[in-house]
Structures are given as C-alpha cells and as structure tokens.
Amino acid sequence: MTTAAALETLASPGTANPEWIWRSGALVPWDEAAVHVNAVGHASVAAVFEGIKAYLAADGQRLLVFRLDDHLRRLTDSARLCRLTLPHTAQELHRAVVELLTANDYRQDAYLRPWAFPGGIIREQMVPADALCEVIVDSWPFRSALDTERGCRAAVSSWLRVGESSMPPRAKAFSNYHNGRLAMMEARENGHDWPVMLNERHKVSEGAGACLALVRDGVVATPSLSSGVLPGITRDTALALLRTQGVPVEEREVDRSELCLADEIFFMGTAWEILPVTTIDGLRVADGTAGAVTRRLSEAYGRLMRGEDDRFPQWITEVPLS
Ligand SMILES: Cc1ncc(COP(=O)(O)O)c(C=O)c1O
C-alpha cells in the first residue's frame with residue numbers, strides 16, 4: 001500500500017499550464033493573468049477559495065463537475081465570514097467554471113480553484129471590508145487516486161485546529177491554512193504522512209485539508225460540524241453514501257482515544273477523496289490495510305464520480321466534450 005509519495009493528489013508531475021484562466025468575468029490567456037507586486041490581495045490574509053473536481057465520465061464523453069453549486073455556496077459563505085464582497089453571483093461563477101473547462105478542452109480529470117481576493121494595490125495589512133474583490137478561476141489536470149490501493153500514516157498534532165474563538169473554521173480562507181500546514185510539517189518531520197488536529201476542546205476535529213471518520217463495530221463516527229471542521233462536501237457525500245449502504249452513522253464529538261480503538265479510520269476530502277489511515281500515532285489500525293467499510297465507501301464514491309451512479313443527479317454538472 002503506497003503512502004506519502006502517492007498522496008500529492010492535486011497535480012500530476014510535469015503538468016503543463018492550461019491555455020485559459022477565468023478572471024473577473026472573462027477568459028484570459030494564462031500568461032496575461034498577471035498582478036502587480038504590490039497587489040498583494042491575491043495572497044493576503046483576506047482571500048477565500050474553493051477546491052472542486054471535474055471527473056471524466058466512465059463513457060469518456062463528458063466531464064462531471066462534482067457538487068459545483070455546493071462548492072460555490074461555501075465560497076459565498078467563506079466570503080461572508082471573512083467580510084469580503086463577491087462581485088459575481090454563484091450563477092455567474094457556475095457558468096465561469098463550465099466555460100473554463102470547455103475552453104481548456106480537458107479530456108481528463110481536472111481540478112478547479114475559484115479564488116476571491118481584494119483586488120488592486122493594497123498597503124494596509126487589515127484589508128478594509130469594502131475593498132473591491134476580484135475572482136479568478138484556475139484549473140489544471142490532476143491524477144485521481146480513486147483506483148489506487150493506498151493508505152496513510154496519521155498522527156495527532158500538537159497544533160490545535162483554529163476554532164471559533166480565533167478564526168472561523170467554517171471559512172475556506174487561505175489564512176486558515178497556515179494552521180494546517182504547521183500540523184502537516186510536524187507530522188512529516190515525525191515520520192507520518194498526515195496530521196489529525198484536535199479542536200479547542202481537545203476533541204478530534206479534522207485532518208488539515210480533509211475531514212475524518214472512524215469505524216468501530218460497524219458504526220461510523222465523524223466529528224460534528226461544531227467540532228471546528230470545514231463543512232466538508234466529501235464528508236457530506238460520504239455520509240449520504242454510507243446511509244444508502246445501511247451503515248449507521250454518528251455525527252458527534254469524537255475522543256482522541258477512540259482513534260486508537262477504531263477498526264477503521266479514513267480521511268474524506270475533494271483532494272484526498274477517500275483515504276484509508278493505516279497507522280495512528282504509530283499504532284496499526286486493525287491489520288494495517290483499508291477495512292471493509294472504507295473499501296465499500298471508496299468504491300461507491302468512485303462510481304459516483306465517474307457517472308455510474310444516477311441516484312444523485314443534483315450533484316453533477318455535465319460538461320460535454322466537443
Ligand atoms: C481544511 C479543510 N478541511 C476539510 C476539507 C474537505 O472538504 P471538501 O470535502 O469539501 O473538499 C478541506 C478541503 O477542501 C479543507 O481544506
């Protein structure tokens with residue numbers, strides 16, 4: 001079972017830049033999408049984004065953007081939580097994503113990153129709330145790990161997940177990622193692949209870029225949305241799929257010690273898809289391979305992404321290939 005080296009799921013090595021990027025209402029050639037060095041809003045503390053995947057359908061005829069409107073709703077929520085004003089409606093951004101995928105003519109899985117940030121020259125650290133926002137939509141091909149046998153070594157981090165008393169954890173804001181990055185580096189320095197972060201109450205929160213669930217005696221438990229998690233769209237999808245499989249699901253507070261006693265643990269996220277955890281804090285999880293619940297879920301998730309499960313049509317935006 002592969003570990004860290006195979007876990008960088010967002011880009012295939014050597015991926016060329018796309019021809020087009022969407023910026024402020026129009027397609028722009030990639031090389032012309034520049035900003036001035038003093039226009040720091042695109043990388044500032046006040047910027048929010050989304051990570052969305054478009055999968056090539058099993059029939060090879062269409063790209064299937066997964067839960068596009070739910071991602072755009074979360075982008076709108078993140079902007080509100082961070083006091084940013086989006087200059088485009090969710091419908092306009094929906095059309096932008098479809099337009100961009102068509103223009104770049106992807107014939108493989110693609111990753112999309114809509115990104116909203118204060119535009120123009122910014123000299124104030126505390127970007128004013130009325131700063132004019134710009135939105136871009138970036139995209140690139142990626143290699144899905146859906147068909148890969150894999151697992152990862154996880155460890156509880158000494159860094160706590162940002163909480164309601166510091167920064168809104170429900171916002172997908174770039175500034176929140178400093179927190180997850182430190183936890184990830186700590187995990188790697190200590191010989192693990194990914195961190196598990198506890199929240200301010202020292203209960204399990206999430207995995208710095210993915211939500212988490214465990215299985216014990218056939219019951220799936222995942223930290224509730226009040227545990228400092230980003231409201232994960234993959235988490236929501238996984239819970240829906242598990243329920244259709246008749247698996248009991250609990251959304252509640254999860255203790256750290258439950259991780260050590262679990263029969264299975266898995267991460268859930270757009271980038272990581274369904275990723276089994278094989279060791280936690282150095283302890284093997286069951287026999288150290290993906291368990292039955294995780295495998296069944298992962299297979300169901302793969303069928304859904306490839307358009308082979310028609311029970312959730314509201315989650316799929318089809319983009320026909322020309
Ligand atoms: C901090 C954080 N938590 C959880 C997730 C999982 O969310 P989703 O399943 O919507 O990708 C992500 C990924 O976007 C994330 O960045």
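These numbers were taken from a predicted model, which means no experiment stands behind them. Atoms within each ligand, like the ligands themselves, are counted from 1 in listed order. Heads up: numbering here begins at 1 and tracks the sequence.
- Between the side chains of T234 and E273, no donor-acceptor pair is found at a separation under 3.5 Å.
- Residue R74 places a heavy atom under 4.0 Å from ligand 1.
- Closest protein heavy atom to atom 9 (O) of ligand 1: T234 OG1, 2.6 Å.
- There is no side-chain donor-acceptor pair under 3.5 Å between S257 and D255.
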Quiz item: Checking ring-ring contact (aromatic ring centres under 6.0 Å, His included) for the pair W22/H88: CA distance, chi angles, key distance, verdict?
Solution: CA-CA 12 Å; W22 189 93; H88 304 283; 5.1 Å; yes
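- Regarding atom 1 (C) of ligand 1, its nearest protein heavy-atom neighbour is E206 OE2, 3.0 Å.
- Within the listing of ligand 1, atoms 1 (C), 2 (C), 15 (C), 16 (O) sit less than 4.0 angstrom from a heavy atom of Y177.
- Remark: R23 fails to qualify as a cation-pi partner of W115 under the 6.0 Å distance and 45° angle criteria applied to the six-membered ring.
- Here the protein heavy atom with the shortest distance to atom 14 (O) of ligand 1 is K172 NZ, 2.6 Å.
- Judged purely by distance below 3.5 Å, without hydrogens or angles, the side chains of E250 and T222 never pair a donor atom with an acceptor atom.
- Set against the non-hydrogen atoms of G232, the atoms of ligand 1 under 4.0 Å away are 7 (O), 8 (P), 9 (O), 10 (O).
- In this model, a donor atom of one side chain and an acceptor atom of the other lie less than 3.5 Å apart for E134 and S24.
- Taking the centre of each ring, F66 and F312 stay at or above the 6.0 Å mark.
- Ligand 1 does not have G51 within reach: every non-hydrogen atom of the residue lies 4.0 Å or more from it.
- Every residue meeting the ring-ring contact (aromatic ring centres under 6.0 Å, His included) condition with Y55, not counting sequence neighbours, appears here in chain and number order: F142.
- With a heavy-atom cut-off of 4.0 Å, A210 touches ligand 1 through its backbone alone.
- For ligand 1, none of its N or O atoms has an N or O atom of A208 under 3.5 Å away.
- Considering only non-hydrogen protein atoms, atom 12 (C) of ligand 1 sits nearest to G209 O, 3.4 Å.
- Under a 4.0 Å criterion applied to the non-hydrogen atoms of T270, ligand 1 contributes the atoms 8 (P), 9 (O), 10 (O), 11 (O).
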